[in-house]
Structure formats: C-alpha cells, structure tokens
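Contents: one structure, followed by commentary.
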Amino acid sequence: MSTATTHEEATENHEVEHHGLSDKQYIVIALILAALTAIEVSTYYVDFGPFFMPTLLILMVIKFVTVVSYFMHLKFDNKIFSYLFYAGLLLAIAVYCGFLATFKFFLKQG
Amino acid sequence: MSTVGTMKDRVAEPMKIMRRGRAALKTSLAVSALAFLASCARDAPQDTWQPAGPNAEQIDNLQRPVFYVAGVVGVIVFVAIGWAIWRYRDRGQAIPEQTHGKPVVEIVLTVIPALILLGVAIPTAGTIFKLAKTSDTEMTINVTGQQWWWEYDYPAVGSNEEQYGITAPIVTSGQLVIPENTKVLLRVTSRDVIHSYWIPKLNGKKDSVPGRVHLLRLEGAKPGIYAGQCTEFCGLSHSYMRMEAVVLSRADYDAWVANQLEAYTSPAAGTLAAEGEGVFIQQCSRCHQVNGLLNADGTPIISAPDQYIVSGVAPNLTNLMTRNTFAGASWDLLTPECREDVWKSDSVTFGAKYLKGVTTDCLNQKDLREWLRNAPLKKPMYANPENLAATGGKYRGMPALGLTEDQINSIVAYLLERK
Amino acid sequence: MTIIERPSTEVAIAGAVPVGVKPSEALGVFKRPAASSSWRDWVVTVDHKKLGIMYGVAAFVFFLIGGVEALLIRLQLIAPDGKVLNADQYNQMFTMHATTMVFLFVMPMAAAFANYFVPLQIGARDVAFPRINAFGFWCFLFGGLFLNSSWFLGGGADGGWFMYAPNSSTLFSPSHGVDFWTLGLQITGIASLTGAINLIVTILNMRAPGMKMMRMPIFTWMVLVTQFLLLFAIPVITVALFLLTFQRSFDATFFDVASGADPLLWQHLFWIFGHPEVYILILPSFGIISEVIPVFSKKPLFGYPVVAMSGAAIGFVGWGVWAHHMFASGLGPVSVTVFSMSTMAIAVPTGVKIVNWIMTMWGGKLTFAVPMLFAIGLVTQFTIGGLSGVTHAVAPSDTQQTDTYYIVAHFHYVLFGGAVFGLFAGFYYWWPKMFGRQLSESIGKWNFWLMVIGMNMTFGPMHILGLQGQPRRMFVWTEARAGEGLFNFGFWNRISSIGSFILSIGILLFIINIFYTHKMKKGALASNDPWDARTLEWMTDSPPKEHNFDVIPQINHLDEFFHRKYEQDSATHSVTQVHSADEVMAELNAHPDEHIHMPSRSYWPILLALSLPVIGYGLIYNRMLMAVGVAMVLLTMFGWAMEPATSPDEDFDPPESGDTHAKELVPHG
Amino acid sequence: MAESAIAHDHGVSHGAHASSTGLSNNKMGMWMFLGSECLLFGGLISTYMLYRGRVSSGPQPNNIFDIPFTSVSSFILLMSSLTMVLAVSSAQRKDDRNTNLWLTITALLGATFVGGQVYEFTAFYREGLGFTTSLFGSSFYALTGFHGVHVSVGIIMLMALVGMNRNNRIPGDKAEVVELIGLYWHFVDIIWIIIFTLVYLIPS
Ligand code: HEA
Ligand code: HEA
Ligand code: CUA
Ligand SMILES: [Cu+2]
C-alpha cells in the first residue's frame with residue numbers, strides 16, 4: 001500500500017483541524033491590538049522619558065507574537081510550524097544584531 | 001555478470017592499492033620534506049615567516065606553534081587512516097560486527113580537539129588585543145590607497161613635529177620611510193575602492209576602506225627595505241599596486257626628513273632640465289604637484305588632479321628621485337645593478353645608499369621613459385577614451401599624453417633633479 | 001525572488017478530482033503535455049530523477065567551463081609576467097571561475113544527487129512539489145546561461161567572486177558584467193530557495209512508513225541540513241544583490257561612500273551568506289561519503305546519531321563565524337576575537353565527522369572500489385584543508401595569510417579535495433543505479449589517482465606560495481618578489497600549473513569512462529545492488545522506474561536494506577547473509593501497490609523560468625523588454641495556478657508506442 | 001496534499017493526510033517560506049538601521065515622517081489581519097459568501113494601505129527625499145518598497161482567490177488555500193508592525 005497510512009511519528013491532529021478561536025474572540029484580539037497600537041502612537045504625543053524605547057519595543061513584540069500566535073494559529077498548530085518559523089526569525093535576529101554590533105565595536109575603537 | 005567481475009577485481013585490488021598507496025606515501029613524504037625546506041629557505045621579499053619587527057614577531061610567535069599543532073593533528077589523522085586501510089583491508093575476514101559506535105570514544109575524541117583549540121584560542125585573543133593597541137605609538141603617518149598606488153602623508157603635528165622635525169607636511173608615494181625601532185601608527189584609508197596595506201615582515205595587513213580610517217601599527221627593528229603589496233582586489237591594476245617600507249636609522253631618518261622639506265630650486269636656465277620644467281608645467285602639473293613650482297606670475301602652481309582623476313590625486317613628484325621605485329612601486333627607478341647595491345646592502349650601509357637617491361648613472365631610463373610615453377600600456381589603467389563615459393571624463397590612473405621624444409628627454413632631465 | 005510559488009497556485013489535491021476545472025482546458029492555451037520518449041519529455045518532465053539527471057549534466061558542463069577558466073588562469077601564472085590574458089580578462093576569469101564552480105557546479109551537482117536520491121532513500125515516489133522542482137531546475141539552468149552570456153555581451157563580471165563594494169559599482173566596473181552577475185545569481189537563487197523548501201518538505205513529510213528521522217540515511221540528513229542553510233542563507237544574498245542592483249541600475253546610494261555609505265555593509269551581507277554557503281557546498285559531499293564508507297567497510301556508520309547531529313551543529317555554528325573573512329577589514333578587536341573563537345569552535349563538530357569516518361573503517365572489511373577511493377581521498381584532502389582553515393581562524397596569523405595563495409590553497413583543498421571528491425565518489429557510487437551500467441573500475445582508478453596527484457600538485461604548492469607572500473588575484477607575478485634559489489615562486493607556480501593539467505587529464509578520464517561505458521557499451525550491466533549496499537535506493541531497479549518503488553517498504557531499521565539481507569547473531573555477533581538482494585526485492589514486490597498516481601508533466605515550470613532572464617536582459621538593455629518579462633511571469637503563473645498538479649486519469653494520452661515510459665496507471669501485478 | 005506524489009489510493013478520502021508528520025505539505029512549505037522571509041526583511045531592516053542617520057543631503061527622518069498619517073494606515077493594515085482571519089474562519093465553515101466578503105474587505109484594506117504608502121512616498125518626494133537623495137532615502141524606500149510590493153502581491157492573490165472562488169475554480173481544499181494566503185497576509189502585517197515601530201516611532 002501507499003504511504004497513506006499513519007505511523008508512529010504522525011501526530012494525529014484531526015481534532016485540532018478546526019483549531020483556533022471563534023470569530024468573537026478574534027475581534028477581541030483585534031481590539032487588544034488596536035489598544036496596543038494606540039499606546040504606541042501615544043508615545044508620539046506624550047513624553048515617556050526613559051521608558052520610551054522599552055515601551056515601544058515591548059509593545060512591538062507583544063503585537064507581533066499575538067498576531068503570529070492567534071491570527072496565524074501558530075499557538076494551536078503543530079509545533080513543527082513554530083520551529084520552522086521561529087528558527088528563521090530567531091536566526092535573523094541573532095545574525096543581524098551581531099552584524100549591527102560589529103559596527104558599534106568599530107566605533108568604540110575609533 | 002558485472003558484480004562478479006568487480007568482486008574478483010576487488011579481491012585482487014587491495015595489494016595493488018597498497019603498493020600504490022605506499023608509493024604515494026613515500027612521494028608525499030618527500031614532497032612535504034621538500035616543501036618544508038623550501039618554505040623556510042631563500043629570502044622571498046614578502047615571506048610571512050621572517051618577521052623584522054616586533055608586531056610581525058608577535059604574529060610569528062603565535063602562528064608557529066599553531067602550525068606545529070596543525071601538522072601533528074594532520075599526521076595523526078593520516079597515520080590513522082593509513083593504518084585502517086592497511087590493517088582492515090579485505091583479506092577475506094568475516095563480516096564485522098555491526099556496531100554503531102562507542103560513546104566513550106566519541107566523547108574523548110571530541111573533547112581532545114576542543115581542548116587543543118582552547119589552547120590555541122587563549123594566546124590568540126591576547127595577541128589580537130596587543131596588536132590593536134594604539135596608545136603607545138610614537139609617530140603618525142596617514143596612508144591613503146587609491147587606484148593603484150599609495151600616498152603617505154606625514155602630518156606636522158604632535159610628536160611628528162616635536163621629535164621628528166616634520167615642520168611641514170611631507171607628502172610622498174610608493175615608499176614609506178620610517179625610523180627604526182619606532183612605534184609608528186598608520187592611519188589607513190582610501191580614496192576610491194578598498195585596498196589593503198601589507199608589509200609582511202613588519203605586520204599583518206589592514207584594509208584601507210574609503211570612508212573609514214583604520215589603525216595599523218608598524219615598527220621595523222633594523223634598517224632595510226621591506227616589500228609589500230596591496231592585498232585587496234581593487235580593479236584592473238591590483239597586481240601593480242605594490243609598496244615598500246624603508247626603515248632608516250634615526251640619524252638617516254632625520255636626514256631624509258630634512259631633504260624632503262628642502263625648498264624647491266628651479267633648474268639652471270638653458271639646461272635640458274629647465275626645458276623639462278616648462279613641459280612639466282604644461283603637461284603634468286595639472287595632476288602632479290611639485291611643491292615650490294611657480295607660475296609665470298610668481299604664484300605657486302597648485303595641481304588640480306581632482307578635475308582629471310577619479311580618486312582626485314596623483315603622486316606628489318617633489319622628491320620623486322628620493323624614492324627608488326615608481327608607479328605603485330611596480331618599476332624601479334634604479335638600474336638593476338644599482339638596485340642590487342641598495343636592496344642587498346646590510347643594515348649598516350643601507351641608510352647611506354638609500355639616501356643617495358637616484359643618480360644620473362643609476363636612473364632606469366627604460367622603464368621611466370616607457371611610462372612617460374604611454375603609461376597605460378605599461379600598467380593597465382582605465383585611461384582610454386572608451387572607459388571615460390562611466391566616470392564623467394575622469395581617468396583612473398595616468399593617461400598617455402602623446403609626448404614627443406624631445407619632451408620626454410627634457411622631462412627625464414627635469415625629474416632627475418627632483419630630490 | 002518573491003515570485004516563487006504562491007499558495008494560491010498550489011491548490012490541487014492529488015486524487016481529488018477538482019471541481020469545475022478540466023485541466024486540459026487550463027487557460028485554454030496548452031493541452032497538458034503527454035508522456036513521450038522524445039526529448040520533449042525532458043522539457044516538460046516533473047520526475048525528480050529526470051530533473052536530477054538534468055541538474056547533473058548541466059552542472060557538469062558548467063564544471064568544464066569553470067575548469068577551462070581555471071586552466072587559463074594557471075597558464076597565465078606559469079611564468080612571471082604572463083601574457084596569455086590581459087589584466088581585464090584575468091579579472092573576469094577568476095571571478096567567473098569561482099562563480100561558475102560554486103554556484104553552477106557544486107551547488108547544482110549536490111542538488112542533482114539530492115533530487116535523485118533523497119526520494120529514493122526515504123522511500124518516496126517523488127518530491128513534495130514536483131512542478132516547483134522542475135521550475136527550480138530551469139531557473140538554475142537559465143540563470144547560469146544568463147550569467148555566462150555576459151562573455152559574449154561585453155565581458156563577464158570582474159570584481160572577484162565576493163564582489164566587494166564599492167569596486168562593484170558602475171563607476172569602477174562599468175561593463176555589464178556585474179549586472180549579469182547580480183541578476184544571474186538572483187535567478188539561480190530562486191532555484192536554491194524553491195529547492196530548499198521542496199526538499200525539506202519532502203524529507204519531513206514523505207518518508208516511508210517507519211522511516212523515523214533517526215532512521216534516515218545520513219546523505220538525506222546532510223541534504224536536510226544543507227537545505228535549511230540554503231533556506232536561510234539565500235535571502236541574505238538576495239538582499240545584498242538587490243541593493244547592488246538598485247545601486248547600479250537605479251543610482252541608489254547603498255555603497256556610495258561619498259554619501260556616507262559604509263562598504264563593510266556589503267562584506268557583512270555577503271559573508272553572512274557566504275560562510276553558510278561553504279558548508280552548503282561541503283555537507284552534501286560529507287553525506288555522500290558517509291554512505292560510501294560504511295558500504296565498503298561492511299559496517300554501519302560509526303556513531304550515526306553523532307554524525308547527523310554534528311552536521312546540524314556545523315550548520316548552526318556556521319552562522320556565527322562569517323566575519324572570519326573580514327579579519328583585516330577593520331572590525332574592532334572585540335569582534336575579531338569573538339569571530340576568531342567561534343571559527344575555532346566549528347573545527348570540533350567537523351573533527352567529529354573525520355573521526356567517525358575513520359572509526360567506521362576501523363575494524364571493517366575494506367574494499368577499495370573507486371567510490372571508496374574518492375571517499376578516502378575526501379577524508380585526507382579535506383583534513384589538510386580543514387587544518388589550514390584552523391590556522392586562518394587564528395586572527396593575527398590570518399592578517400598575514402588573507403588574500404594570499406595560502407587562502408587559495410585552503411579553499412581548494414576543502415572545495416576540490418572535499419566537495420568535488422565527494423561528488424566524484426557519488427558519481428561512481430550511484431552511476432550504476434542511475435544509468436544501469438557500471439563505470440569501468442580501472443579507468444576510474446586512473447581517474448582517481450590522477451586527480452589526487454594533480455590536485456596536490458596544483459594546490460599543495462599554493463600553501464608555500466602564499467606563506468612566502470604571493471597574493472591572490474594577481475594577473476601577473478613578478479620576479480622581483482619571487483625569492484631566490486630553486487624553490488622560488490617560479491618553481492612552485494610551474495608545479496602548480498603543470499599539476500592543473502594533470503588534474504584535468506584525470507577529469508577527462510571520467511568523461512572517457514562515460515563514453516567507454518555507454519557509447520562503447522563496455523560497461524557491465526549493473527545489478528540492482530552492485531555494491532552490496534545498505535540503503536533503500538538500492539532496493540529498486542537500476543535505473544528505477546518512474547514511480548521508484550512498486551511497493552513502498554515498511555522501515556524497521558536504520559540501513560533497512562542491509563537488515564533485510566543480513567542477520568547478526570546476537571550472541572556471537574557474527575553476521576550472515578540470509579537473503580540476496582534479488583530475493584529481498586522479489587519478496588517486497590510480491591504484492592505491488594495499486595493505482596500509483598504520479599504527478600503530471602507541465603509546460604509551466606519552464607515557461608515561468610524562461611521569463612526571468614527576459615526580465616534580466618530587460619533590466620540591462622531595455623525596460624520595455626522588462627515589462628514583457630513581467631507580463632510573462634504573470635501569465636505563466638496564472639496558467640500554473642489554473643493547472644492542477646495531477647491530472648485525472650482520463651487526461652492521459654496513451655503513449656504512441658512501447659510502454660516503458662508509460663504512466664503507471666494500471667495496477668501492477 | 002497538493003502536488004505530493006505519494007501513491008494515492010482513490011478510495012481514500014481526500015481529507016486524509018498522507019504524510020509522515022500528518023501535516024500538509026503546502027502549509028509546511030508556506031511556514032518555511034515565511035521563516036526564510038524573516039532573513040530577507042531582517043537584511044533590509046538592518047540596512048535601514050545602519051543608514052537611517054546618514055543624511056548627507058535632503059531631509060532627516062524626523063523632518064518628514066507624518067506619524068498621525070502613518071498610524072492610521074498602520075491601523076488599517078492591522079485590521080486587515082482581522083478581516084483576513086475572519087475569511088479563513090468562514091472558509092473553514094465552508095461559508096463561501098462570507099469568505100468572499102471578508103477576502104474582498106481584506107483586499108480593500110490592503111489597497112488602502114498601499115494607497116497611503118503611495119501618497120506618503122509622493123509627499124516625501126516632494127519634500128526632497130528621493131530614492132537617490134541620501135542613504136536614509138535609499139534604505140527607507142528599499143525597505144518600505146519591498147514591504148509594499150509584498151502587500152501588493154498579497155492583494156493580487158486575494159483578488160484572484162475571490163475570482164476563482166466565485167467561478168468555483170479553486171481545485172481542492174479551499175479552506176487550506178485561504179488559510180495559506182492568510183498566513184502570507186498576516187506575515188506582511190507583522191513585518192509592518194516591526195517597521196512601524198523601528199522606522200517611524202523610534203526615529204534616530
Ligand atoms: C567547502 C568549503 C569550506 C569549508 C568546509 C571550510 C572550512 C573551514 N574554513 Fe574556510 N574557506 C572556504 C571554504 C571552506 N572553508 C573558502 C571558499 C574560503 C575563501 C573565500 C574567499 O576568500 O574567496 C575560505 C576562507 C576561510 C577563512 C578566511 C581566510 C581569509 O580570507 O583570510 C577562514 C578563517 O578563519 C576559514 C576557516 C575555516 C575553518 C576553521 C574551517 C573548518 O570548518 C575546518 C574544520 C576541519 C578541520 C579542522 C579538519 C578536521 C578536524 C580534525 C581532524 C579534528 C582535530 C582538529 C584540530 C584539533 C584542529 N576559511
Ligand atoms: C568548487 C569550487 C572550485 C573548484 C572546483 C576550483 C577548481 C580549480 N581552481 Fe579555483 N577558485 C575557486 C573555486 C574553485 N576552484 C574560488 C572560489 C576562487 C576564488 C576566486 C576569487 O578570488 O574571486 C578560485 C580561484 C582560483 C585561483 C586563484 C586565482 C587568483 O586569485 O588569481 C586559481 C589559481 O590557480 C584557481 C585554480 C583552480 C584550478 C586549477 C582548479 C581545477 O581543480 C579545475 C579542474 C577542472 C578542470 C581542469 C576541468 C576539466 C577540463 C577538461 C577535462 C578539459 C577538456 C574539456 C573541454 C575542452 C570541454 N582557482
Ligand atoms: Cu589596491 Cu589592490
Ligand atoms: Cu568562512
């Protein structure tokens with residue numbers, strides 16, 4: 001027969017086929033995202049002082065992860081998808097931060 | 001059937017292989033012995049294993065043990081393979097046990113290389129920082145690469161001025177002149193593409209990158225002339241972008257500085273050289289600066305090479321004949337005999353010979369004239385009309401100027417006095 | 001780059017007859033190509049084995065081109081002040097030599113083996129996305145031809161294979177060579193990226209039942225790692241190439257120092273790609289010899305999981321070492337130290353592999369057929385190259401070595417002695433499976449020995465030349481800097497040049513061997529399992545049928561095939577053969593699968609790929625042509641999207657004659 | 001199981017996943033493609049981060065960014081992610097009508113975003129920031145332009161999807177196709193989340 005048989009490694013995930021949230025929940029998430037965006041934009045009008053950068057970066061990460069986890073279902077989907085995507089993402093962050101850092105070290109050298 | 005045939009082949013094969021293998025081993029041993037002999041013999045001017053100053057020595061002290069370690073590891077691997085080939089060749093033994101490995105062996109043979117590398121890593125880090133130190137340097141020279149030659153600019157500042165008598169900037173090309181046992185700091189940059197400054201016997205290389213200034217230590221332990229070469233690919237004449245570092249004793253160095261700062265004197269009227277001065281003003285001074293050269297109205301002639309050349313500079317020819325190579329240190333200004341005399345002299349006599357510069361008898365007329373006749377023919381340069389479109393009419397290198405032989409004669413005579 | 005497969009175009013479900021679409025009417029342009037035995041079949045094929053062969057043939061031709069370029073380089077350098085090439089030609093020659101060898105030979109040749117053997121090794125009938133597979137091949141071919149067409153259109157690229165900015169800008173490289181280079185690599189990059197996605201999905205998703213990850217053949221493992229490297233490295237060079245194209249074609253300022261640009265940007269981007277790239281070049285070859293050595297040692301690979309994981313480790317650490325190509329570029333000492341250390345670290349997992357190969361041979365029953373010779377050749381030659389690599393990793397020493405022939409020696413030992421030897425091991429090992437005939441062992445041995453001797457003569461002296469100060473990329477070297485005595489530059493350059501010709505005779509012998517075997521029909525017909533091998537690709541016909549296996553086997557072991565042939569007594573550890581290969585196959589194929597459905601041929605992959613060079617030429621010469629190219633892309637993608645991947649049964653025209661190439665539509669029995 | 005060449009028994013229902021992991025090839029391929037795109041955008045973002053302060057001529061970032069305007073268009077793109085996810089959810093319920101509706105709205109929101117970007121570009125251009133003006137200009141336009149092209153490609157795919165859906169020309173598992181395009185669309189959105197923060201809200 002063909003390979004169309006499941007075997008030990010196959011993760012049986014027919015139940016999670018229709019994973020994710022209800023439409024209502026999606027809307028709630030969108031509202032949260034909207035609120036976060038509002039805070040982000042408010043940094044333009046209100047002085048956050050030393051919290052300016054951290055706030056923005058943290059909000060950015062939260063929004064990013066929220067969209068990926070809920071809208072893109074990554075939270076509910078098979079782990080392999082998470083590995084594939086986050087591998088690329090984390091590699092990109094590591095490599096490019098390293099790359100930008102080398103310029104900093106050069107500047108320190110003079 | 002094929003399999004049978006190849007099987008038989010295979011049974012007969014090991015012996016043949018071994019014989020060949022042993023022969024190969026012998027030859028490879030012989031070759032590596034030869035290689036070793038050759039690589040530590042005979043003075044190639046850019047040999048990286050013959051340091052002549054403390055910076056290069058530090059590198060040498062680091063790399064020698066590393067090479068030995070690598071050699072030993074290599075030999076161990078080769079012996080192990082050779083032994084396995086010999087010992088376990090198919091001699092009709094039974095099919096071996098199908099083992100999948102022994103964790104202990106794996107771990108041991110992973111940890112050992114890791115430890116060796118750790119042993120290499122620590123001195124490496126130390127040397128990196130030692131060579132990057134700049135706070136203890138005693139004089140500063142700006143080095144600028146461009147297609148395809150190096151310009152040296154000795155600024156009249158700080159210790160340069162106080163200790164070395166450089167009261168006005170000295171601008172020269174091709175040969176870097178430095179006092180012995182002095183920690184020189186080169187500030188390396190570029191005017192067009194990336195080049196790399198490398199005098200192997202004095203230090204490792206450092207790229208000269210447009211828009212950035214890189215610092216490189218250089219120090220010569222004894223007088224002599226040390227060859228170098230641009231080692232970052234920089235276009236057409238990358239091969240002809242060479243340089244030399246000339247190390248002089250302190251007294252000789254002071255003499256050299258004084259000579260560089262000497263005021264300009266025009267050739268005596270009526271001589272061929274005076275005629276040459278005229279031609280030079282007409283033809284050459286738009287690119288080449290000769291300090292002290294005056295216009296008819298008595299104002300100094302300031303060359304404007306940036307109008308004609310992409311990189312915006314041409315070598316300063318004020319003291320051309322104090323150096324003994326030209327055009328990216330690719331050709332000699334000295335005849336072969338005179339060159340031999342200077343380059344092969346020992347560290348005691350070297351200074352005096354170098355300071356003599358290029359005399360009439362010693363001038364390498366052939367190469368200089370060829371250069372003046374048609375520079376791009378001698379050294380590939382983007383100086384022909386087809387290439388000018390991309391650069392808005394500017395040359396990269398020196399163009400052919402269509403000089404007559406008479407003009408060339410007079411220019412050579414004129415240049416001979418530039419020292 | 002981003003015009004690769006869109007999900008919307010991937011809509012068909014094999015076996016599910018699509019609603020409302022008659023594939024033969026798709027777009028109303030083409031009738032779906034039918035099976036045939038003429039050359040046309042190769043144009044429209046989506047069969048991974050045919051594509052593998054085409055990859056192989058094309059890559060080998062590029063190898064010869066790159067090799068001839070290398071020989072011209074060596075001719076020029078045989079004596080001081082060489083006159084064979086002028087400076088401009090020489091600069092183009094080494095740039096194109098390296099580009100051709102790296103991007104058009106080693107990478108696609110590895111892709112050839114991966115394409116052909118990964119599905120076979122994991123017991124699949126094809127790859128996950130067969131049409132994308134075809135598209136990838138055509139992108140590689142057209143990209144390579146596009147790149148090489150520059151020779152006839154004003155000269156090739158002349159900036160060196162790492163094309164440092166700003167020397168690559170129009171000001172310093174005014175010919176179109178660099179434009180061809182950026183666009184050509186962009187197109188072959190699409191091939192690599194699509195190939196990566198395709199092969200990873202294939203390996204993760206299409207293994208035969210029971211083929212757990214840790215039962216996969218090690219070649220498949222190494223291909224998996226390689227494809228992940230490609231997946232993440234290709235976009236980096238894509239960015240770099242885009243920036244350069246924008247700079248050259250649209251006057252962007254990315255590398256324009258006058259506007260404040262930093263030329264090191266290019267170097268970082270190139271080497272962030274470039275270093276993973278060198279492992280992309282070597283890992284498939286590591287995989288090949290990890291198949292060969294166990295077979296000819298009659299032992300399983302020593303430390304299989306360790307070898308697999310060290311491959312992954314190399315792939316991973318390989319991302320953190322790129323700046324070792326920039327030790328002289330003027331990074332600060334902190335960066336230099338970090339990258340120097342990480343580079344040394346990478347020698348550890350690589351050493352693990354060397355050790356495991358030796359330990360596999362240790363205690364074995366070694367036979368020395370040509371594949372094994374090349375495999376041992378790799379282990380020895382690569383070690384030399386790897387060790388010189390470690391001497392570069394010592395950053396202060398590297399400032400003496402970089403851009404000298406010592407580096408050239410290093411990378412030819414790892415590339416030629418490593419990657420290329422591995423590929424040759426693969427040629428000889430898998431040839432009988434691919435073409436049904438055994439290459440001549442005796443010619444093969446000559447081939448091997450001439451290559452070993454030739455390569456050591458060619459690249460061995462470069463160590464000495466480099467350490468004595470001969471810089472690379474010099475169109476002439478001069479007597480003045482050559483040193484004295486017998487063993488000066490002149491001597492070693494001469495040896496090196498002579499060696500390169502011995503080397504090419506070795507390679508020529510490979511071509512002769514092919515003629516001898518096939519044209520002269522001297523090669524013995526190959527059995528299904530001529531080497532007494534261990535993995536699944538040998539458990540089928542030579543050459544395999546279009547659907548690879550009549551029955552997809554159930555996998556219970558690493559080295560499944562071996563376990564079906566041999567049994568080991570658990571007490572005495574003595575190993576005895578219990579079945580012959582033919583018996584194993586007969587048993588397996590007793591009840592063949594029914595209704596095997598293979599993906600169908602398509603015109604769209606080649607047409608879509610063909611539109612890319614049109615855009616390229618358009619960008620260089622005429623923006624109207626570019627618009628035509630873009631229109632072609634859109635049309636062909638639309639056509640592709642409308643065509644189901646697998647046509648329903650009734651769509652097939654029966655082949656005119658014969659049945660060897662017929663679709664496997666009917667039950668086997 | 002799109003193009004998979006896995007032997008297929010006609011009796012087996014199409015829903016069954018015939019793969020080793022039980023996952024869809026297409027979806028796996030899509031996620032890998034997105035992982036790979038991270039390195040593409042990472043490169044462009046890093047280039048921008050390196051160069052954003054380097055203005056030899058022309059305007060500085062702070063001088064030209066119109067934060068209120070960009071906030072609105074960012075918000076629109078963010079909301080298009082909501083409509084996209086609703087389209088996916090409808091498709092999974094086999095609700096064709098709503099699928100088409102939400103897809104169309106998503107495409108319209110996307111088009112509004114791109115329109116905003118075109119407007120912004122022209123405004124910047126009029127204020128003196130061309131592609132070749134400065135390093136800031138080159139790297140800004142390269143980054144946002146690449147993103148814009150991604151959005152535009154997404155719009156084309158969405159519209160094609162609606163068209164094909166209406167004519168019933170989507171062969172196979174419709175819900176999966178919608179989901180895949182959704183993944184792509186959300187990815188483009190999250191990239192903009194990063195760009196919006198790093199480029200606009202944290203100017204040098
Ligand atoms: C197949 C390709 C390939 C491979 C596998 C490697 C492998 C390695 N390379 Fe190489 N490299 C290139 C291809 C490759 N390289 C190319 C093409 C260039 C030049 C590009 C250009 O400039 O044009 C280059 C350049 C290059 C440089 C830059 C040189 C310069 O330009 O100045 C450096 C510097 O560190 C380096 C280091 C290494 C190291 C440490 C390894 C290691 O991975 C090697 C590890 C292997 C071993 C060490 C041997 C086996 C190990 C043992 C037996 C265990 C015991 C060992 C020890 C204890 C030491 N390489
Ligand atoms: C996989 C990669 C690969 C391979 C296989 C090779 C193979 C060879 N290389 Fe290559 N080389 C590089 C990658 C590679 N090289 C790279 C990356 C560079 C750096 C470039 C740069 O600096 O930018 C380089 C640079 C380089 C240089 C330095 C140039 C310079 O710095 O100035 C030299 C010099 O000798 C050289 C020589 C050779 C030789 C003699 C071979 C031989 O092994 C080739 C053997 C093959 C053949 C000879 C083909 C067979 C030919 C026939 C059988 C002839 C008959 C056929 C017909 C007539 C159709 N190479
Ligand atoms: Cu300057 Cu090479
Ligand atoms: Cu590297």
Side-chain angles (χ1 to χ4, degrees), chain C residues 1-2 5-8 10-16 18-21 124-131 193 197 200-201 204-207 211 231-232 234-236 238-240 242-243 246 250-254 259-262 265 269 547 552 593-599 641-642 644-646, chain D residues 1-10 12 14 19-21 23 25-26 28-30 32-33 35-40 42-44 47 50-51 54-57 131-135 137-139 141-142 146 149-150 153 157 160-161 164 167-174 177 180-181 183-184:
Chain C
M1 236 227 53
T2 45
E5 199 63 5
R6 290 278 156 241
S8 63
E10 278 307 305
V11 287
I13 287 216
V19 206
V21 187
R125 291 214 156 100
D126 207 317
V127 291
F129 308 107
R131 282 187 303 177
L193 191 68
I197 294 178
I200 297 173
V201 174
L204 292 183
N205 244 358
M206 300 185 57
R207 283 162 284 143
M211 173 76 77
L231 180 70
F232 296 135
I234 293 291
V236 185
T238 302
V239 171
F242 266 125
L243 298 186
F246 289 160
F250 306 114
D251 297 323
T253 53
F254 297 110
S259 338
D262 196 326
L265 170 65
L269 288 178
H547 59 277
I552 300 292
D593 290 346
E594 296 182 5
H595 294 300
I596 299 169
H597 227 286
M598 295 307 293
M642 302 309 289
T646 310
Chain D
M1 232 21 348
E3 305 203 28
S4 81
I6 292 171
H8 219 289
D9 192 308
H10 281 236
V12 177
H14 340 307
S19 67
S20 313
T21 54
L23 303 171
N25 283 354
N26 290 335
M28 196 183 267
M30 191 60 181
M32 264 188 300
F33 174 66
S36 156
E37 288 264 286
C38 288
L39 280 113
L40 184 94
L44 292 164
T47 305
L50 184 67
Y51 279 164
R54 304 199 186 183
V55 177
S56 50
S57 63
F131 186 48
T132 60
T133 307
S134 63
L135 284 164
S138 290
S139 52
Y141 285 118
F146 253 86
V149 169
H150 273 73
V153 169
M157 292 196 310
L161 196 56
M164 284 162 77
N167 300 322
N168 219 355
R169 283 186 72 113
I170 301 180
D173 187 346
K174 209 183 283 177
V177 178
L180 290 178
I181 293 186
L183 288 179
Y184 175 83

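Proteins get letters first, then strands, A, B, ... in listed order; numbering begins at 1 in each.
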Exercise. Please work out whether the ring planes of D/F131 and C/F246 are parallel, tilted or perpendicular, with thresholds of 30° and 60°.
Key: perpendicular
Quiz item: Can you tell me if D/Y51 uses its side chain to pair, donor with acceptor, with the backbone of C/G260 under 3.5 Å?
Solution: no
Quiz item: Got a second to check how far C/T238's OG1 is from D/L40's CG, nearest 0.5 Å?
Solution: 6.5 Å
Quiz item: Measuring heavy-atom distances to chain C, does D/S139 have an atom under 4.5 Å in its side chain, in its backbone, in both, or in neither?
Solution: both
Quiz item: Hey, what do you get for CE (D/M28) to CD1 (C/I197), rounding to the nearest 0.5 Å?
Solution: 12.0 Å
Exercise. Taking D/S20 for its side chain and C/R207 for its backbone only, find out whether a donor-acceptor pair lies under 3.5 Å.
Key: yes
Quiz item: Atom CG in C/D262, atom CG in D/L50: separation rounded to 0.5 Å?
Solution: 6.5 Å
Quiz item: Considering only heavy atoms, which portion of D/L44 lies under 4.5 Å from any heavy atom of chain C: side chain, backbone, both, or neither?
Solution: both
Practice problem: Write down the atom of D/A142, the atom of C/F254, and the distance for their closest heavy-atom approach. | Solution: CB-CZ, 3.7 Å
Self-check item: Expected output: side-chain D/S138 to main-chain C/T253 donor-acceptor under 3.5 Å
Solution: yes
Quiz item: Could you state the interatomic distance from CG (C/L204) to CG (D/N25), rounded to the nearest 0.5 Å?
Solution: 9.5 Å
